[in-house]
Amino acid sequence: MSVRFLPLILLGLLVSCEFAQRISHSDAVVMKIGKSVLYESDLAGLIPQGISSEDSAAMAARLIEKWKLEQLLVAKAEAELPAAQLDVSSEMESYRRSLLIYRFESMYVSERLDTVVTDMEVEEYYRENAAFFRTPAMLVRGYFVKMDEDSPNLATVRYNLKNLGDTDTEEMEMLSAKVSFSYHNFYDYWESLTEFAPDFGMGLEALAQKAASSSFVEASHGGMVSLLRIWERIPAGEIAPLDYCRDAVRERILNLRKKELLDNLERDLLMESFSVK
């Protein structure tokens, strides 16, 4: 039987309960190219449990095709590359060393890193390094609604939203939940304008220009109408509030701790090697 017909025969095996049982007793060959062999177990380990038989079959076919192409490319490279380029031992050794160092440093840091960052530490770091936390896009505090442009409730929502106070949003939320496609009340925290640009069907710069000059922005896109009520804004390039970038501050603190651990490790290793000499 031709090798190219084997994948079609084996697709059914890959998605059946019998297939899992067969692997424990034998590991049949799915495809062979040169000295390279693809086994049933290689495929079974890559196909998630619980997906439909159709999805399993499609995934198996893609995996087989990918494996086949990889072997053909390798064979072609081995046949046509100059002899000097076929020796990858130095690159492999360099990669092995890098991988070992990375794994060791990851283990070393994970075993020693103090991940507790207090609010006081966050506030102090932010205060001393605020310039690092300039926002790349405008930040806004407000209320967003997205509706069908043919909705009979559009005029009501538009009117209520234009006249909405920043702390008086409970009734607006009840109305939004009933008549809108989606809504987002963020009156008491900041969001980047980048989150809303796709809904308005315009680039970030165009949306920022509208948001800078008006407290109410509306646009139709794809049969939907997006409305944004803005109570407060921080232009791009300004320092973001701590409440907005608290997670970023904490991440910076942890990164500094990681760096300190690794710097100390390198120093100790060099000192140990010096004392041995």
Side-chain angles (χ1 to χ4, degrees), residues 48 50-56 58-59 62 119 122-123 126-127 129-252:
I51 63 176
S52 67
S53 58
E54 292 82 4
D55 289 341
S56 296
M59 182 176 293
R62 289 195 299 270
D119 289 341
V122 169
E123 292 166 6
Y126 173 80
R127 185 170 58 253
N129 302 274
F132 287 113
F133 302 101
R134 296 186 184 277
T135 175
M138 178 183 287
L139 301 180
V140 291
R141 189 173 60 80
Y143 195 108
F144 170 79
V145 180
K146 188 172 185 178
M147 302 181 64
D148 190 307
E149 62 182 6
D150 297 324
S151 172
N153 300 292
L154 179 57
T156 300
V157 171
R158 179 187 293 117
Y159 175 83
N160 290 351
L161 199 56
K162 283 184 176 181
N163 296 279
L164 185 64
D166 61 352
T167 59
D168 187 25
T169 59
E170 185 176 349
E171 291 186 7
M172 189 70 210
E173 284 198 81
M174 293 175 62
L175 176 62
S176 301
K178 292 179 181 178
V179 304
S180 72
F181 175 78
S182 64
Y183 69 95
H184 183 33
N185 178 16
F186 53 106
Y187 81 92
D188 58 349
Y189 59 93
W190 298 92
E191 290 280 17
S192 172
L193 211 57
T194 55
E195 301 294 326
F196 305 101
D199 292 297
F200 284 89
M202 63 182 72
L204 176 60
E205 184 176 350
L207 181 58
Q209 289 177 350
K210 290 181 177 291
S213 60
S214 176
S215 62
F216 184 80
V217 180
E218 177 178 341
S220 296
H221 176 63
M224 306 294 287
V225 175
S226 293
L227 309 101
L228 177 63
R229 173 74 165 92
I230 301 172
W231 291 298
E232 195 173 358
R233 60 182 66 77
I234 296 175
E238 297 294 320
I239 296 173
L242 176 56
D243 287 346
Y244 179 78
C245 57
R246 185 176 295 274
D247 289 343
V249 175
R250 181 179 183 278
E251 190 64 27
R252 275 181 170 268

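All values reported here derive from a predicted model rather than from experimental measurement. Basis for what follows: all heavy atoms, side chains included, without hydrogens, waters or symmetry-related copies.
With contacts defined as side-chain heavy-atom distances shorter than 4.5 Å, the pair Tyr183/Lys146 does not qualify. Between Pro48 and Met59, some side-chain heavy-atom pair lies under the 4.5 Å cut-off. Side-chain atoms of Val157 and Met172, non-hydrogen and from C-beta on, do get closer than 4.5 Å to each other. Within the 4.5 Å cutoff, no side-chain heavy atoms of Phe216 are placed close to those of Ile230. Residues Lys162 and Arg229 fail the side-chain proximity criterion, which asks for heavy atoms closer than 4.5 Å. Annotation: side chain of Tyr187 is not in contact with side chain of Tyr143 (no heavy-atom distance under 4.5 Å).
Asp168 places no side-chain N or O within donor-acceptor distance of the main-chain N or O of Leu164, the cut-off being under 3.5 Å. Tyr244 contributes no side-chain N or O that, together with a main-chain N or O of Thr135, makes up a donor-acceptor pair within less than 3.5 Å. Judged purely by atom type and a 3.5 angstrom limit, Ser151 has no side-chain atom pairing as donor or acceptor with the backbone of Asp148. Judged purely by atom type and a 3.5 angstrom limit, Trp231 has no side-chain atom pairing as donor or acceptor with the backbone of Val140.
Applying the side chain to side chain donor-acceptor pair (under 3.5 Å) rule to Thr169 yields the partners Asn185; only residues at least two apart in sequence or on another chain are considered. Ser226 pairs by the side chain to side chain donor-acceptor pair (under 3.5 Å) definition with nothing, not counting sequence neighbours.
The structure places OG1 of Thr194 at 9.5 Å from CG of Leu207, a figure rounded to the nearest 0.5 Å.
Annotation: Glu123, atom CD; neighbour count of heavy atoms from other residues, nucleotides and ligands within 6.0 Å is above 12.
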Enumerate donor-acceptor pairs with a distance under 3.5 Å from any side-chain N or O in residues 233-240 to protein atoms, sequence neighbours excluded.
residue	atom	partner	partner atom	Å
Arg233	NE	Ala211	O	2.7
Arg233	NH2	Ala211	O	3.0
Arg233	NH2	Ser214	O	3.1

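Heavy-atom minimum distance, Val122 versus Arg246: CG1-NH1, 3.8 Å. Across Leu139 and Ser192, no two heavy atoms sit closer than the pair CD2-CA, 3.7 Å. In terms of heavy atoms, Leu193 sits closest to Ala208 at CD2-CA, 3.5 Å. Scanning both residues, Met202 and Ala206, for their nearest heavy atoms gives SD-C, 4.0 Å. Here the shortest heavy-atom pairing between Tyr126 and Cys245 reads CE1-SG, 3.7 Å.
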*Given side chain to side chain contact (heavy atoms under 4.5 Å, CB included), test Val217 with Leu227 step by step and report yes or no.*
CA-CA 6 Å; Val217 180; Leu227 309 101; over 6 Å; no
*Take Met224 and Phe181 through the test side chain to side chain contact (heavy atoms under 4.5 Å, CB included) and record every step on the way to the result.*
CA-CA 9 Å; Met224 306 294 287; Phe181 175 78; 3.3 Å; yes
*Would you sort out whether Asn160 and Arg158 count as a side chain to side chain contact (heavy atoms under 4.5 Å, CB included), showing the intermediate values?*
CA-CA 6 Å; Asn160 290 351; Arg158 179 187 293 117; over 6 Å; no
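Ion pairing of Asp188 with Arg141 is absent here, as no side-chain N (NZ or NE/NH1/NH2) approaches a carboxylate O to less than 4.0 Å.
Within the cation-pi definition used here (under 6.0 Å to the ring centroid, within 45° of the axis), Arg252 qualifies as a partner of Phe132.
Using a 3.5 Å distance cut-off with no hydrogens or angles, the side chains of Thr156 and Asn153 do not pair a donor with an acceptor. Judged purely by distance below 3.5 Å, without hydrogens or angles, the side chains of His184 and Glu191 pair a donor atom with an acceptor atom.
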